[in-house]
Amino acid sequence: TNDGEYQTLTMSPVSGSIFGGTQVVLETEHGLWTDDGTRDLACTFGPSGTIVSATRKGTRAVCVTVPSQVGPAVVTLGLIDRTSGTLLGNVAYTYYSPMLLTSFEPTFGTVLGGTRMVFRGANFQNSSSSLSCIFGGAVYVEAKFRSTSMVECVTPPSLNKGARNVTVALTYNNQSMHTVRRELFQYTPIPIAAEIYPSLGPMQGGTVVTISGSYFDTRGHATCMFDDSQHTKTSANVINSTHMQCKTPTDMTAARALAVHPSFNGADHVDGKLLFNVYPDPMLDNIAPTEGAAGSQIALSGIGLDIPDAVYTCRFGSNSNTYVVNHGVYLQNERIVQCVVPDIHVTENFAPTKVDVSLNGGNDYTDSDVTFQYRRNVLFVSFSPTMGSEIGATAVQISGAYFYNTATIGCTFGKQKTTFATYINDTNIECVSPPAPPGTVKLSLTINGNEYYDAKEAPLSFPYHVRP
């Protein structure tokens, strides 16, 4: 062989399947051998020296690779002039096992592009600079080799063509196209996240939030990402095209506002203005009164109850089967949450009922030891004697039903409240009248210091007469 015309060859692509069929393009550094159109050019492959004819394309020569005789390997590809027996140059060519592409995810993303796709399979190689993903058979983007079973690509935008389905292929050499059978990538409209409810919750986390908007997709692995120090993601349930739900991270370490970014395919996160305000875990430590009938007004106090934009609810019940919820109101000056005791249809055995409060509309409650003792509605029937002296000290016997003994039992005579009240039994209480000027006043009874009851039978008032 005459090597006097030997030159450095360049080739593209530099690798292909062991089954051959890859079209390679060769050219020399100076292109001298292309000046003579009479040359009979051919390519030789590997130690076996298999020869295939080359065709000319301008200053280049084109050959189609033969199947490998030794499996995956690096072989020498030579370019010869068969007329003169001249070796014009050679270059290394890599045979690799055929790529097997089994899946890619996600299978959809927005028309904005930028979706990070993961391709999975086998026999992926990290030896080619032309490793690419092809979208719609026309748009090539660079692929990133991660392992022999995983490659990543980022989708190009589709703003001009809008929402549509496109084919997706993976190639090493811009010739062999590998696809997942019958699998397409769908460009979707840009989702909009408009509102989040509730917009606040405790640091303990686990609050179920509902996000509303438009163009939500129900097919993917939906998540919510919270902009805390860990960028925590929680799984989400997409209910329909306008609503989804997810939970806040557990055991958060700071009370602050967190941006919330939904994702519908596990890769793209919706940018918006959703904020979730985290507040310190509240605690209840007191209730007043501690007992009474349905309809009683109670005051709850504790720690961490004063939260901006809070929506207060009170929950009554000892287990999930007896929970009853009423709206509450926070009284700033008194630092209490006030609510009305509901009727939970308790039986004759009045057990203490657990009471808790929520600051975010009933989504999260305290877990307190505060209880309320349900009682029957007190029945004040009559009193005797029906009048007394202006100097007071008249022992008035109150008759009725469902009385119970507390430290707050008392009677009011007009605007005066006496502390001289004694529980006799569940049908009798004795009150001692205070001094008052002559005249007629209203007589009322209280058991818990909060609710007051009037007599059901005449007389309904208590006359004071002049001292004899």
Tyr365 and Thr313: CA distance, side-chain angles, deciding distance, side chain to side chain donor-acceptor pair (under 3.5 Å) verdict: CA-CA 9 Å; Tyr365 282 91; Thr313 55; 3.1 Å; yes
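Defined by atom type and a distance below 3.5 Å, a donor-acceptor pair is missing between the side-chain atoms of Gln175 and Thr22. Side chains of Ser444 and Asp454: a donor on one and an acceptor on the other come within 3.5 Å. Side-chain N/O atoms of Asp356 and Thr366 include a donor and acceptor closer than 3.5 Å. For Ser158 and Arg164, the side-chain atoms include at least one donor-acceptor pair closer than 3.5 Å. Side-chain contact annotation: Gln332 with Asp306, donor-acceptor N/O pair under 3.5 Å present.
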Validation: residues 264-271 side-chain donor-acceptor distances under 3.5 Å, sequence neighbours left out:
residue, atom, partner, partner atom, Å
Asn265, OD1, Ala267, N, 2.8
Asn265, OD1, Asp268, N, 2.8
Asn265, ND2, Phe108, O, 2.9
Asn265, ND2, Asp268, OD2, 2.9
Asp268, OD1, Thr115, OG1, 3.2
Asp268, OD2, Thr115, OG1, 2.6

Expected list for residues 381-402: side-chain donor-acceptor pairs under 3.5 angstrom, two or more places apart:
residue, atom, partner, partner atom, Å
Ser389, OG, Ile391, N, 3.2
Glu390, OE2, Arg467, N, 3.0
Gln397, NE2, Glu430, OE1, 2.5

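Not a single donor-acceptor pair under 3.5 Å links the side chain of Asp227 to the backbone N or O of His231. Tyr93 contributes a side-chain N or O that, together with a main-chain N or O of Gly16, makes up a donor-acceptor pair within less than 3.5 Å. Side chain of Asn363 to main chain of Asn360: a donor-acceptor pair is present (N/O by atom type, distance under 3.5 Å, no hydrogens or angles). Without hydrogens or angle criteria, Ser12 side chain to Val25 main chain gives no donor-acceptor distance under 3.5 Å. A donor-acceptor contact shorter than 3.5 Å is absent between the side chain of Asp343 and the backbone of Ala294. In this structure, the side chain of Ser358 engages the main chain of Asp364 through a donor-acceptor pair within 3.5 Å. In this structure, the side chain of Asn448 engages the main chain of Glu291 through a donor-acceptor pair within 3.5 Å.
A 4.5 Å side-chain heavy-atom check between Pro438 and His465 finds every atom pair outside the cut-off. For the pair Leu275/Ser199, no side-chain contact is recorded, criterion being any heavy-atom separation below 4.5 Å from C-beta on. Side-chain contact between Val151 and Met99: absent, with no pair of heavy atoms (C-beta onward) separated by less than 4.5 Å. Using a 4.5 Å heavy-atom cutoff, the side chains of Phe185 and Thr155 are in contact. Asn286 is not listed as a side-chain neighbour of Leu300, based on a closest heavy-atom distance of 4.5 Å or more. Looking only at side-chain heavy atoms (C-beta outward), Leu445 and Tyr452 stay at 4.5 Å or farther from each other. Put simply, the side chain of Ile298 reaches to within 4.5 Å of the side chain of Phe372, judged on heavy atoms. You'll find the side chain of Glu457 stays beyond 4.5 Å of the side chain of Phe380, heavy atoms only.
Salt-bridge check for Lys354 with Asp367: passed, with a basic side-chain N closer than 4.0 Å to an acidic carboxylate O. With respect to Glu183 and Arg181, no salt bridge is recorded, no charged nitrogen being found less than 4.0 Å from a carboxylate O.
For Arg116, the side-chain contact (heavy atoms from CB on, under 4.5 Å) partners two or more places apart in sequence, or in a different chain, are Val118, Glu152.
Note: Phe119 and Phe104 have tilted aromatic rings, judged against thresholds of 30 and 60 degrees for the angle between ring planes.
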